Amino acid sequence: MKYYDVILPVPTGGIYTYTSEDEIQNGVRATVPLGRRTLTGIVLRENTAPDESIKYRNISTVHDTNPIFSCEYMDLIMKISEYYCAGAGQVLKGVISEQVYTSEKTTVEIKHFEPKELTLNEAQLSVYNGIYSSLKDGFSTHLVHGVTGSGKTEIFIELAKKVIAEGKQVLYLVPEISLTPQLENRLSARMGFDVLSYHSKKTPKKRKEAFWSFSAGTLPMMLGARSSLFVPAKEIGLIIVDEEHESSYKQDEIPSYQLRDMSVLYGKILKIPVILASATPSLESWANAKSGKYLYHSIPCRPDTDMPEIQIVDMKEEEPIGGILSIPLYDAIYETINRGEQVILLINRKGYSHTLYCRKCGNIINCSNCSVAVTYYKSTNTCKCNYCSQEVRRPKCLHCGSDDITDYGAGTEKVAEVLETAFEKKILRLDTENVKSYKKLSEMLKSFEDGEYPIMAGTQLVAKGLDFGNVTLAGIINIDNMFTLPDFRANERAYQLLLQLAGRAGRADKKGRVVIQTAMPELDLFKRLDCLDTTFYEMEMARRKLFNYPPFYKMCRITLSHTKEEAVKDAAFLVYDTLLRFKNDAEVFYPAQAPIYKIQNRFRYGIIIKSPLNSELSKLIRAAANTLKDNAKTTLRIKIDRDPHFFM
DNA sequence: AGCACGCCGACT
DNA sequence: GTCGGCGTGCTC
């Protein structure tokens, strides 16, 4: 009789021990009973010291003769579990779809054809050589800092070919796969075989095919979003993380891991190189490059065009059309579309208006379940909460009962409406409300590319990785609301967004232009929007150092929630006391109501911890979790967010 | 997470 | 009297 530890996709703990008459290899899938249920998990290891007091049950079915998940893979899962303070089962659940890994192995034939050859230019070649030389030396991390359109992808394609020629596989990660169906085609054409992609918007069948083909090793290269790092490969030789600065790499749900960091960790475990690439690197990666932890490579210029001209419009001096369009932006749009060229506009709010209020008493209309103002959608004539999706049919003032309600704060719908009136042209509106499916998105992007619309207006979606040759003007309606969020990365985010947006304008042979509307034109940030200039990084680093922010200090945010106000508050102070008792060099913030105090009728308190040492942070988090385990047995929920990116 | 147990209010 | 609400606790 042998004993085996099995990881099961259940949120608590997740490691259970079972018995078997047969010898079982680590990393195979096994179906076991748990309570009244039957679940399929992964065999983690043999347990040589079982607890006498527990009556173990038998493994019902073993699915594989050879391991699907390597010991390096299991190592990664366990390290994530430890670092992000989530049960192994919770990690497994959050990282691979149960539907996919429990499915029959269905591989698909990968078609091979004659690849399209391209020669690298001098700048590309120098980066290529820099990385190539360390390709066979095991683990190394490379930060490739190259402006938009500098041809980073071509370098990675050539490196990938070398790795594949050695019989190993390549993983190419992008932050938002749904926006880049073009990349799949481009990679396939250049590699000379079908590069399959793996992401949540694919049909289950397609996902299973990509999963099992990558697992079998018949698929040499896979393109994917966050979750594809956890597709078990036969043998990975290189991981590429494109647009490494993107905050969508940080998962908000438990386990809230940072994919970029996990890629580097996996590379370390596998002893292979990892490439991080961006036109606007994160401060974390920048710091690692400066310290020599990452090898730094830069491509300083766009090979084909000049950088766009950037214009800052002071909204204090303007009387904008419809409260939205300044005269300089209006003129710029007018000139651009008159030349038959196209415009991309960014608005970072969806709906028609983000706030409704009572005209009688000034009270803001909040969602009844959450402490958030409801968003008004004119297209469907509804008011919806962005946090719990609850609809309010006919909003009335909860304070005075009046139904004389009006709105302010323009979203994509309002902007599109104003633009349509101003230019008498149909506008393409792109936001999550409007784009429900992958197919629809592709169609919309295609129609814009074909010139059916002169202007595309949308949320952050429009700034991410889109590439249209005829776009020569990019505008941002209101950058200022980025600074209203409680987020120490606001500056960094604004900088990245503006430079990325600038990269959307004038990528082919035409000179691009960027117009930024702001009421704070004096912000230093606007003077640093030259991608050849790295003073932004130095200034931001100095600020982070002064206030003990990452990358200098490590951060963790603990959020507690409960249906009763008193219960969360008590729990928060209980945790706070524990943290004070255990802390050394760390800074522990006084417990505070979360910026959104109530979500789905649960009240929320937050505590932020900062420490120069990751080890101290781990110790404190553990102490906090233990205190609650011992003292709070009610429906209190704890969320531990390590290296947080979202602070609401 | 499921799933069951268990203890209180409002129905035939 | 029982149906069903969800708060609590456990699963090798």
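Because the structure is predicted, anything quoted here is derived from the model rather than measured. Scope of the values below: all heavy atoms of this structure, side chains included, with no hydrogens, waters or symmetry mates. We name chains A, B, ... by the order of the sequence lines, and we start the count at 1 in each one.
A:Ile364 pairs by the side chain to side chain contact (heavy atoms under 4.5 Å, CB included) definition with A:Thr355, A:Tyr357, A:Asn366, A:Ala373, A:Tyr408, not counting sequence neighbours.
Here the P atom of nucleotide C:dC10 and the CZ atom of A:Arg37 are 15 Å apart, to the nearest Å. In this entry the distance linking CG of A:Leu39 with C1' of C:dT11 reads 10 Å, nearest Å. Rounded to an integer number of Å, the gap from CG of A:Leu636 to C1' of C:dT8 is 14 Å. The distance between atom CZ of A:Arg45 and atom P of C:dC12, rounded to the nearest whole Å, is 17 Å. For the pair A:Ile24 CD1 and C:dC12 P, the computed distance is 17 Å after rounding to whole Å. Rounded to whole Å, atom C1' of B:dG2 lies 12 Å from atom CD of A:Glu98. The OH atom of A:Tyr16 sits 13 Å away from the P atom of B:dA1 (whole-angstrom rounding). Residue A:Arg637 contributes atom CZ, which lies 13 Å from atom C1' of C:dG7 at whole-angstrom precision.
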Between protein and nucleic acid, restricted to nucleotides 4-7 of chain B and to nitrogen or oxygen atoms under 3.5 Å apart, what atom pairs and distances do you find?
none

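Between the side chain of A:Glu616 and the backbone N or O of A:Asn584, at least one donor-acceptor pair lies under 3.5 Å. Although no hydrogens or angles enter the test, the distance criterion places a donor-acceptor pair under 3.5 Å between the side chain of A:Thr102 and the main chain of A:Glu98.
For the pair A:Lys250 and A:Phe646, the NZ or CZ position fails the cation-pi test of under 6.0 Å to the six-membered ring centre and within 45 degrees of the ring normal. A cation-pi geometry, defined here as NZ or CZ lying under 6.0 Å from the six-membered ring centre and within 45° of its normal, does not hold between A:Arg29 and A:Tyr101.
Among the heavy atoms of the strands, none lies under 4.0 Å from A:Thr19. Within the nucleic acid shown, A:Pro9 has no heavy atom closer than 4.0 Å to any nucleic acid atom. As judged by a 4.0 angstrom heavy-atom cut-off over every strand, A:Tyr18 is placed among residues touching the sugar-phosphate backbone only.
Counting heavy atoms from C-beta outward, A:Phe647 and A:Phe488 have side chains that approach closer than 4.5 Å.
To the nearest 0.5 Å, atoms CD (A:Glu176) and CZ (A:Arg226) are separated by 9.5 Å.
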